[in-house]
Asks: 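Before anything else, here's the structure in question.
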Amino acid sequence: MPELPEVETTVRGLVPVLQGQRVKSAETRRADLRWPFPPDLRQRLTGALITGLGRRAKYGLIDTDRGDTLIFHLGMSGKWRVDPAELGAHDHFVMETEDGRRVALNDPRRFGSVDLVRTEALAAYKPFIAMGPEPLGNAFTADYLKIALRDRSASIKLLLLDQRIVAGLGNIYVCEALHMAGISPRTAGGRISKPRLEALVQAIRNVLVAAIEAGGSSLRDYARPDGELGYFSKEWRVYGREGEECHCGALVRRRVDGGRSTFYCPTCQR
DNA sequence: GCACATGTTGGCAT
DNA sequence: CATGCCAACATGTG
């Protein structure tokens, strides 16, 4: 589920449930996800007031009035279930609010994570230290990309997946953005012209905004016990569409880069 | 049984 | 030190 738009949609779905609420209980139901839960998680959250929620790249942020920020990552299979009727095998972390709502972090593959850090020290959180700019922020420009990609021989596909260059993109949206910008996924990052970088920045912005809007349009359906998100896979133009026709009439191809599938149109993307 | 999956990272070679 | 590339993590689905 989770690249930047999915995390953004998730956070927006949690806001009406958690923001301004006091934590009645916080429970871990196993010792770890990708790494152990903070040992003092329950104590530091119980009784705390949730003051706000946010996102950095693919990480969700939940601030409390005690100066702590809960940081969660959804890994490959993580999602929050809102007011589940009952808890299941993969509901690894559960919080209840004083007004009776309950949220459960469900993650079968357990590639996700939960941490609790001092809000003032967020910038020093290990995954954030070398992280690149937000793709929807002002710092992400063609000028920035030109410098970040200078002399890089690796493919633009792999470079865009590198969170140090730009933070929040994953395999789906990289494929989609490259298609939208008409750039071949195997082009060396350092050899892309400025005008094409402009197109790429715009494509990345457009695809993320469209995905968030699609998530947003089904947001009212988000807070369901089964934890399903209304999803927008119908809008993918190349991802998961090997052998189908691109709008140009050519057939979408699939290749493997760095062990991951790349979907692209050999005609539109040069 | 097999292939594949929206992510991250540690290790190794260059 | 920088860069590029792989395997590994754990579980589910088709």
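Treat the numbers as computed from the prediction; the structure is a model and nothing was measured. Letters A, B, ... are given to chains in the order of the sequence lines, protein chains preceding strands, and every chain is numbered from 1. The figures that follow rest on heavy atoms only: side chains count, while hydrogens, waters and symmetry mates do not.
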Asks: Figure out the CZ/P separation between A:F72 and B:dT6, and round it to whole Å.
Replies: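 It works out to 20 Å between those atoms.
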Asks: Going by the side-chain hydrogen bond (donor to acceptor under 3.5 Å, both in side chains) test, which pairs reach into residues 124-136 of chain A, not counting sequence neighbours?
Replies: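 Sorted result for residues 124-136 of chain A: A:R55-A:E134, A:R56-A:E134, A:D115-A:Y125.
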Asks: Which whole-number value in Å describes the distance from A:W236 CH2 to B:dT6 C1'?
Replies: 7 Å
Asks: Check this for me, if you would: do A:R118 and A:D68 make a salt bridge, where the nitrogen-to-carboxylate-oxygen distance has to be below 4.0 angstrom?
Replies: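 Yes, A:R118 and A:D68 are salt-bridged.
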Asks: Whole Å only: how far is the CH2 atom of A:W35 from the C1' atom of B:dT8?
Replies: 8 Å
Asks: Could you encode protein contacts along nucleotides 4-14 of chain C as a string, one character per nucleotide from 5' to 3', using B for base contact, S for sugar-phosphate-only contact and - for no contact, with a heavy-atom cut-off of under 4.0 Å?
Replies: S-S--BBBS--
Asks: Using a 4.5 Å cut-off on heavy atoms from C-beta on, say whether the side chain of A:D83 contacts that of A:R102.
Replies: yes
Asks: Give the rounded distance in Å between these two atoms: OH of A:Y173 and P of B:dT6.
Replies: 12 Å
Asks: A:K157 pairs by side chain to side chain donor-acceptor pair (under 3.5 Å) with which of A:D257, A:T187, A:T262?
Replies: A:T262
Asks: B:dT6, B:dT8, B:dA5: which one has an atom nearest the side-chain heavy atoms of A:K58?
Replies: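 The nucleotide sitting nearest to the side chain is B:dT8.
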Asks: Do A:T141 and A:D143 have a side chain donor and acceptor closer than 3.5 Å?
Replies: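 Note: A:T141 and A:D143 side chains miss the donor-acceptor criterion.
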Asks: Taking only N and O in the side chain of A:R260, is any of them less than 4.0 Å away from OP1 or OP2 of B:dC4?
Replies: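 For A:R260, the contact criterion (side-chain N or O under 4.0 Å from OP1 or OP2 of B:dC4) is not met.
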Asks: What is the distance, rounded to the nearest whole Å, between atom CZ of A:R164 and atom C1' of B:dT8?
Replies: 11 Å
Asks: Round to a whole Å and report the spacing from CD of A:Q163 to P of B:dT8.
Replies: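 That distance rounds to 5 Å.
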Asks: Report the residue from A:W80, A:F93, A:Y59 that forms a ring-ring contact (aromatic ring centres under 6.0 Å, His included) with A:F72.
Replies: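 By the ring-ring contact (aromatic ring centres under 6.0 Å, His included) criterion, A:F72 pairs with just one of A:W80, A:F93, A:Y59: A:W80.
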Asks: Fill in the dot-bracket string of DNA chain C, one character per base: . for unpaired, | for a pair to another strand, ( ) or [ ] for pairs within the strand, taking Watson-Crick or G-U pairs under 3.5 Å.
Replies: .||||||||.||||
Asks: Could you give the CG-to-P distance, from A:D107 to B:dG7, as a whole number of Å?
Replies: 13 Å
Asks: Between C:dA7 and B:dA3, how far apart are the two P atoms, rounded to whole Å?
Replies: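 Roughly 14 Å separates the two P atoms.
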Asks: With A:D91 as reference, evaluate A:R29, A:R81, A:K79, A:R110 under the salt bridge (Lys or Arg N to Asp or Glu O under 4.0 Å) test and give the passing residue.
Replies: A:R81
Asks: For A:L161 and B:dT8, what is the distance between atoms CG and C1' respectively, to the nearest whole Å?
Replies: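 Computing the A:L161:CG to B:dT8:C1' distance gives 11 Å.
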Asks: Under a 3.5 Å cutoff, is there a donor and acceptor pairing between the side chains of A:S113 and A:R34?
Replies: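 There is no such pair (donor and acceptor under 3.5 Å, judged by atom type) between the side chains of A:S113 and A:R34.
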Asks: If we check side-chain contact (heavy atoms from CB on, under 4.5 Å) with A:L169, which of these qualifies: A:L4, A:D162, A:V174, A:V207?
Replies: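 Filter result, single survivor: A:V174.
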